[in-house]
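All remarks here apply to the structure that follows.
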Amino acid sequence: MNEYDTELVRSLLKSSGFTFTTDKETADVVLLNTCAIRENAHTKVYGHLARLHPLKRQRNLVVGVLGCMAQNLKQDLIEAKSIVDVLVGPDGYRRLPELITHAIESQEQSLARKEVAVDLSEYETYDDILPDRPDGLNGWIAVMRGCDNFCTFCVVPYTRGRERSRDPEGILREAEHLAAHGYKQITLLGQNVNSYRAENWDFARLITAVADVPGIERVRFTSPHPKDFPPTLLDAVADHPKICKHIHLPLQSGNDRILTMMDRTYTRNEYLQLVDDIRRRRSDIVLTTDIICGFCTETEDEFLDTVRVVDEVGYHMGYVFKYSPRKNTIAGRKYPDDIPDEVKTDRLNRLVDRLKAISLQHNLDTVGQTVPVLVEGDAKKSSAQWMGKTDGGITVVWEKDAAPLQPGTLVPITVTRVTATTLFGHPVAP
Ligand code: 5AD
Ligand code: SF4
């Protein structure tokens, strides 16, 4: 979502006459688009700001902090000693050209003014702004913004504000625009994407309509909440050939007491029932997840409940995070962060090892099979190899050969060897 917001900001600034450089040594303005979801995201931004200090001492330089951290840490970031000149939250991007211009003028007049836009909006969806996307295959479309769920650990409802959905017409226009410009894969985005609602449109109807846009080969979505999976959405994922057979299903915890403390609104059994409903429709749907370990008061036995759910579901992949208390959140205010860091780290490592072993087993099961792969571009490690993704989102790498291939084509690849994260193979002989 932050990368998408950066595309919006680029678009807004370009249409106001700003130009972009990736070289901060020569830039007049440096903007950091920030995330506040966990403590390490904050730490990174403070690191970047520290590195800008010497530049700021040498010359006029406007430094702006955008996004969730700007929203969440307003006071800290604009205190007099801070090098931040411009602070803009996720709903204030339209004001950015004006605020940067003011900041440049203030600096020229040696005024130490701070330009701030951190009001949250109930309506802003940037519906009329076409993001300035990099060329390629993958285009993101934010279909909704904000979140009303207030999971007790999560800062998003405070930094991104109330849930609001875009009109389906604007979303479909953007999907058609992407198709017309050669994009093959669309990822529908939202903090709580499957709670999308606009008049008589729900997420199932929306994703089906996007998947029906001619020229689009694959549609993905992230991040959903397990509470919003009506049968129509499960059917759409299972049956529509262009909707990827992949559901990211954040578990957070496999223990009912912890789930209640997190206010996730489902029990372990309800979650497992949903997994069952998905698998009964199609056993090959790839499931991935997010898990928090070491949430306030979590005991070893409660943590083991999470491990048991991981084993039972057999996710293809999972992100595991150590709980970090966030400013303003319900857990941050009400519950002690009482699990020692070593215990959190130990739980994280055990879960990561378990998830890796399961991923490896899933990948080993594909050896010898031929899978359709959307070619994305050069492999990270070598431009002598292609990299692409399976429908389920698994990375596939193979040697380039004499046959010319274009990113964006679907090719059948026979899997010959795997790791926990990657399938290796070769194209099927024509
Ligand atoms: N501490 C640790 N992880 C968190 N997440 C959200 N808030 C926190 C927090 N305070 C994780 C959740 C969410 C993912 C995007 O980040 O697992 O699904
Ligand atoms: Fe945060 Fe997601 Fe919960 Fe919303 S649904 S509060 S974004 S974890």
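Just follow the structure's listing: the first ligand is 1, and inside any ligand the first atom is 1. Remember, it's a predicted structure, so these values are computed and weren't measured experimentally.
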Angle between ring planes, [X] versus [Y], binned at 30° and 60°: parallel, tilted or perpendicular?
X	Y	result
F221	F229	tilted
H362	H316	parallel
Y46	H42	perpendicular
Y271	Y266	tilted

Any N/O of [X] closer than 3.5 Å to an N/O of ligand 1?
X	result
Q252	yes
R38	yes
F153	yes

Run the ring-ring contact (aromatic ring centres under 6.0 Å, His included) test against F424 and tell me which residues pass, sequence neighbours left out.
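Partners of F424 under the ring-ring contact (aromatic ring centres under 6.0 Å, His included) test: none.
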
For [atom], grab the closest protein heavy atom and report residue, atom and distance to one decimal in Å.
atom	result
atom 4 (C) of ligand 1	I292 CD1, 3.6 Å
atom 15 (C) of ligand 1	D290 OD2, 3.8 Å
atom 1 (N) of ligand 1	S324 N, 3.0 Å

Ligand 1 atoms in contact with Y323 (distance to a heavy atom under 4.0 Å):
1 (N), 2 (C), 10 (N)

Show which atoms of ligand 1 fall inside a sub-4.0 Å distance from at least one heavy-atom site of R326.
10 (N)

Distance-only donor-acceptor check, side chains D365 and Q361, under 3.5 Å:
yes

Check for me: within less than 2.8 Å of atom 3 (Fe) of ligand 2, which protein N/O/S atoms show up?
C151 SG

Evaluate D277 against Q273 for side-chain hydrogen bond (donor to acceptor under 3.5 Å, both in side chains), listing each step before the verdict.
CA-CA 6 Å; D277 288 347; Q273 182 61 51; 3.2 Å; yes

Does K322 come within less than 4.0 angstrom of ligand 1, counting non-hydrogen atoms of the residue?
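Yes.
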
If only atom types and distance count, is the side chain of T329 paired as donor or acceptor with the main-chain N or O of G332 below 3.5 Å?
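Side chain of T329 to backbone of G332, a donor-acceptor pair under 3.5 Å: yes, one is there.
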
Count the heavy atoms belonging to other residues, nucleotides or ligands that lie under 6.0 Å from CD of E270, then report whether that count exceeds 12.
yes

